[in-house]
Participant: 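Below is one structure. I have some questions about it.
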Amino acid sequence: MSAQDINDEMLMAYADNMVDPVERAKIDTIVMSNPTVAAKVRMFQQTSTLTHAALAPLIDVPVPQALQAAVMRS
């Protein structure tokens, strides 16, 4: 596997610890040897952290009845 074989989706999964150990090891090697890929992973990690922080207050907000009904109809 090389840097050209890795797409953004794979790097996002890597940044979120959502890849299997074998794939993670392969990507680790590339991240350690490629500053451009490493910077992209850091950006995805920061984005994930910011997104989780922004959405955390909404976890306990109840889903509106109208939305529940609309989902059940579809």
Side-chain angles (χ1 to χ4, degrees):
M1 180 182 285
S2 70
Q4 291 87 359
D5 298 324
I6 299 176
N7 60 34
D8 285 353
E9 184 178 345
M10 292 169 72
L11 289 179
M12 283 186 262
Y14 173 87
D16 288 337
N17 295 313
M18 301 293 291
V19 295
D20 65 68
V22 172
E23 187 172 358
R24 181 161 200 82
K26 291 176 185 176
I27 297 172
D28 277 340
T29 301
I30 294 166
V31 168
M32 289 184 202
S33 66
N34 188 316
T36 302
V37 174
K40 194 175 261 196
V41 168
R42 282 191 304 277
M43 187 259 312
F44 288 140
Q45 289 169 329
Q46 290 168 347
T47 301
S48 178
T49 299
L50 291 171
T51 301
H52 286 294
L55 296 177
L58 300 176
I59 293 295
D60 295 323
V61 174
V63 177
Q65 290 288 354
L67 178 57
Q68 287 182 34
V71 169
M72 296 306 276
R73 284 192 300 267
S74 20

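All residue numbers in this chain count up from 1 along the given sequence. These numbers come from a predicted model, not from an experiment.
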Participant: Would you check, one step at a time, whether the test side chain to side chain contact (heavy atoms under 4.5 Å, CB included) holds for Val71 with Leu67?
Facilitator: CA-CA 6 Å; Val71 169; Leu67 178 57; 4.2 Å; yes
Participant: What heavy-atom pair brings Val22 and Asp20 nearest, and what distance separates the two atoms?
Facilitator: N-OD1, 3.0 Å
Participant: Taking only residues at least two apart or on different chains, which pairs with a member in residues 53-65 satisfy side chain to side chain donor-acceptor pair (under 3.5 Å)?
Facilitator: none
Participant: In the structure I gave you, are the side-chain heavy atoms of Tyr14 and Ile6 within less than 4.5 Å of one another anywhere?
Facilitator: no
Participant: Please check this pair: side chain of Thr49 against backbone of Gln45, looking for a donor-acceptor N/O pair closer than 3.5 Å.
Facilitator: yes
Participant: Is it true that Val61 and Leu55 fall in one hydrophobic cluster, defined by side-chain heavy atoms closer than 4.5 Å?
Facilitator: yes
Participant: Please examine the side chains of Arg24 and Asn17, heavy atoms only from C-beta on, and report whether any two atoms are closer than 4.5 Å.
Facilitator: yes
Participant: Side chain to side chain contact (heavy atoms under 4.5 Å, CB included) with Leu11: which of Val19, Ile27, Asp16?
Facilitator: Ile27
Participant: Has Met43 got more than 12 heavy atoms of other residues, nucleotides or ligands less than 6.0 Å from its CE?
Facilitator: yes
